[in-house]
Amino acid sequence: MDLTEGFVGTVGRTPLIRLPRLSAETGCEILGKAEFLNPGGSVKDRAALGIIEAAEAAGELGAGGTVVEGTAGNTGIGLVHICNARGYRCVIVIPETQSQEKMDVLRILGAEVHPVPAKPYRDPDNYQHIARRMAEEMPNAIWANQFDNTANRDAHYRTTGPELWEQTAGRIDAFVAATGTGGTLAGVSRYLKDRDERVQIVLTDPPGSALYHWFHHGELKAIGDGSITEGIGTSRITSNLEGTAIDDAIMPSDQQAVDRVYHLLRDEGLFLGGSSGLNVAAAVDYAHRIGPGHTIVTILCDSGARYQSRLYDPEWLASKGLRAS
Ligand code: PMP
């Protein structure tokens, strides 16, 4: 028999997909780690499991416990699945600007969902601060704190990094990824650089985020008008991202991300969300910069099903000045 143990045993070990059209177009191997195939549907299943297991190991979370988190959706989805599997209660604080699909699925899965007005991080009523206060006030509860709890990055160091190394037989020239918490980029970057310091780490930043300018000019400054992508972009260096080796930073436009999303659907057969489109746009851009003959790996973060009423609705796109291509 070849079995996995429950939901938790099914997290990770995702396929690494070669994208044939984009590889032919660039002369590079363009490879996408199929994180949308995780059992909770996104790259965040790994972080959610890493955070819960670290809290259990530290004796902070046990029978009858509650996990509280502020999340744009995917981390919450991963957390509530694992809470169900482990017998914990799950409380999610989410900015009300996030897609209806993600809020609906959180409720259906069994989370207690608290939508709150979107506020900047410096505001005490930012969703992350609200989640921390709720956890502090609840007995037998932990705040998952995905942004600054480095159990998030450790999960990627322990799993995503080694999987990529094995799947490519150690032939990776560049790893390209956008950041929300930074856990994926930071954990994978550390692992790949430990194996071979020549691997280039390329940060992808959506319009409106502050990291692109920070990388090129050393100062956190939001550039561009904001983005329709969800779950990525930031105004600060999280504890997860801190100290990460980054070699280059790219900021594709939203239209480039949308173009890639539709291309991935029509020509590669993959139905993906906006952050995957941004990642692939940056991977192709980087391939053109470094020329043919290289292997470039990126992350296919979540499925397009989470964004049917936005990214996949031409009228909604048009209302944002974007076109379905
Ligand atoms: N894409 C999507 C759709 C996400 O939800 C997230 C996480 N918020 C990311 C990418 C970025 O992952 P990380 O938090 O590891 O930087």
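Every value quoted in this text rests on a predicted model; they were computed, and no experiment measured them. Count residues from 1 along the sequence.
V261 is not connected to L278 by any chain of hydrophobic side-chain contacts under 4.5 Å among Ile, Leu, Val, Met, Phe, Trp and Tyr, and they are in different clusters. Following chains of ILVMFWY side-chain contacts shorter than 4.5 Å, one can reach I201 starting from I299, so the two form part of one hydrophobic cluster. Linking ILVMFWY residues whenever their side-chain heavy atoms come closer than 4.5 Å, directly or via other members, leaves I296 and W165 in distinct clusters. Residue I51 is not grouped with residue V67 when hydrophobic side chains (ILVMFWY) are merged at heavy-atom distances under 4.5 angstrom, including chains of intermediate members. Put simply, I77 and V93 are part of two different groups of oily side chains (I, L, V, M, F, W, Y) that touch within less than 4.5 Å, one to the next.
Annotation: side chain of L164 is in contact with side chain of I172 (closest heavy-atom distance under 4.5 Å). A heavy-atom distance below 4.5 Å is not found between the side chains of I142 and V68. For the pair P207/D225, no side-chain contact is recorded, criterion being any heavy-atom separation below 4.5 Å from C-beta on. At a threshold of 4.5 Å between non-hydrogen side-chain atoms, the residues H294 and Y286 do not count as touching. Considering only heavy atoms from C-beta on, T159 stays 4.5 Å or farther from R13 through its side chain. Counting only heavy atoms from C-beta outward, the side chains of R133 and I130 approach each other to under 4.5 Å.
Salt-bridge annotation for D154 and R158: absent, with no side-chain N of the basic residue lying under 4.0 Å from a carboxylate O of the acidic one. A salt bridge is defined here as a Lys NZ or Arg NE, NH1 or NH2 lying under 4.0 Å from an Asp or Glu carboxylate O, and E112 with R107 fails to meet this definition. The residues E136 and R132 are annotated as salt-bridged, a charged nitrogen and a carboxylate oxygen being separated by less than 4.0 angstrom. Between D247 and R198 there is no salt bridge, since none of the side-chain N atoms of the basic residue sits less than 4.0 Å from a carboxylate O of the acidic one. No salt bridge links R260 with D267; every basic N to acidic carboxylate O contact stays at or beyond 4.0 Å.
Donor-acceptor pairing under 3.5 Å is recorded for the side chains of S227 and D254.
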Check the pair R306, N74 against side chain to side chain contact (heavy atoms under 4.5 Å, CB included), reporting the backbone distance first and the verdict last.
-> CA-CA 9 Å; R306 301 230 153 119; N74 280 326; 2.5 Å; yes
Output, in order, the C-alpha distance, side-chain angles, deciding distance and verdict of side chain to side chain contact (heavy atoms under 4.5 Å, CB included) for Q200 and F175.
-> CA-CA 6 Å; Q200 296 295 289; F175 175 71; over 6 Å; no
Would you check, one step at a time, whether the test side chain to side chain contact (heavy atoms under 4.5 Å, CB included) holds for K44 with D302?
-> CA-CA 9 Å; K44 301 303 303 207; D302 67 356; over 6 Å; no
Would you check, one step at a time, whether the test salt bridge (charged side-chain N to carboxylate O under 4.0 Å, His left out) holds for R190 with D194?
-> CA-CA 6 Å; R190 277 171 176 73; D194 281 355; over 6 Å; no
Stepwise, does the side chain to side chain contact (heavy atoms under 4.5 Å, CB included) test hold for M138 with V91?
-> CA-CA 11 Å; M138 251 176 233; V91 176; 4.2 Å; yes
Go through the steps to decide whether T181 and N240 satisfy the test side-chain hydrogen bond (donor to acceptor under 3.5 Å, both in side chains), and finish with yes or no.
-> CA-CA 7 Å; T181 64; N240 276 295; 5.0 Å; no
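Not counting sequence neighbours, H129 has no partner by the side-chain hydrogen bond (donor to acceptor under 3.5 Å, both in side chains) test. Y127 pairs by the side-chain hydrogen bond (donor to acceptor under 3.5 Å, both in side chains) definition with nothing, not counting sequence neighbours. When the side chain to side chain contact (heavy atoms under 4.5 Å, CB included) test is applied to A85, the partners found at least two apart in sequence or on another chain are F7. Take Y157 and apply the ring pair (Phe, Tyr, Trp, His ring centres under 6.0 Å) test, not counting sequence neighbours, and it matches Y191.
With hydrogens and angles ignored, the 3.5 Å screen pairs a side-chain donor or acceptor of D45 with a backbone N or O of G40. One N or O on the side chain of S189 and one on the backbone of A245 form a donor-acceptor pair closer than 3.5 Å. Side-chain atoms of K119 never come within 3.5 Å of backbone atoms of D123 as a donor-acceptor pair (strictly under, hydrogens ignored). Judged purely by atom type and a 3.5 angstrom limit, E137 has no side-chain atom pairing as donor or acceptor with the backbone of M134. Judged by distance alone, with hydrogens and angles left aside, the side-chain atoms of R153 form a donor-acceptor pair with the main-chain N or O of S239 at under 3.5 Å. In this structure a side-chain-to-backbone donor-acceptor pair under 3.5 Å is present from H213 to E219. Checked by atom type and distance alone, the side chain of N279 pairs as donor or acceptor with a backbone atom of A178 at under 3.5 Å.
Within the structure, side-chain hydrogen bond (donor to acceptor under 3.5 Å, both in side chains) contacts touching residues 313-325 (residues at least two apart or in different chains) are D259-S325.
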Donor-acceptor pairs under 3.5 angstrom involving side-chain atoms of residues 21-38: please list them, not counting sequence neighbours.
residue, atom, partner, partner atom, Å
S23, OG, L19, O, 2.7
S23, OG, I30, N, 3.0
T26, OG1, L22, O, 2.8
T26, OG1, S23, O, 3.4
T26, OG1, C28, N, 3.1
E29, OE1, R18, NE, 2.7
E29, OE2, R18, NE, 3.2
E29, OE2, R18, NH2, 3.1
K33, NZ, T14, O, 2.8
K33, NZ, T14, OG1, 3.2
K33, NZ, E163, OE1, 2.8
K33, NZ, Q167, OE1, 2.9
E35, OE1, N38, ND2, 2.9
E35, OE1, R46, NE, 2.6
E35, OE1, R46, NH2, 3.4
E35, OE2, T14, OG1, 2.6
E35, OE2, R46, NH2, 2.7
N38, OD1, G12, N, 2.7
N38, ND2, E35, O, 3.1
N38, ND2, S42, O, 3.3

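Of the inter-residue distances, the one linking D104 atom CG with I108 atom CD1 reads 5.5 Å to the nearest 0.5 angstrom. Rounding to the nearest 0.5 Å places CH2 of W214 at 5.0 Å from CG of L241. Note that the CD atom of E230 and the CD1 atom of I228 stand 8.5 Å from one another [nearest 0.5 Å]. Once rounded to the nearest 0.5 Å, the distance linking CD of E242 with CG of D148 reads 8.5 Å. Note that the OG1 atom of T238 and the CG atom of N149 stand 11.0 Å from one another [nearest 0.5 Å].
Closest heavy-atom contact between E69 and A131: C-CB, 3.7 Å. Closest approach of A282 and I250 over heavy atoms only: O-CD1, 3.7 Å. Residue L211 comes nearest to R236 through the heavy atom pair CD2-O, 4.2 Å, listed as atom of the first residue, atom of the second, then distance. Residues T234 and S209 approach most closely at N-OG, 2.9 Å, considering heavy atoms. Considering every non-hydrogen atom in both T244 and L185, the closest pair reads CG2-O, 4.3 Å. The shortest heavy-atom contact between V113 and I94 is CG1-CG2, 3.8 Å.
The local environment of CD in E60 is crowded, with over 12 non-hydrogen atoms from other residues, nucleotides or ligands closer than 6.0 Å.
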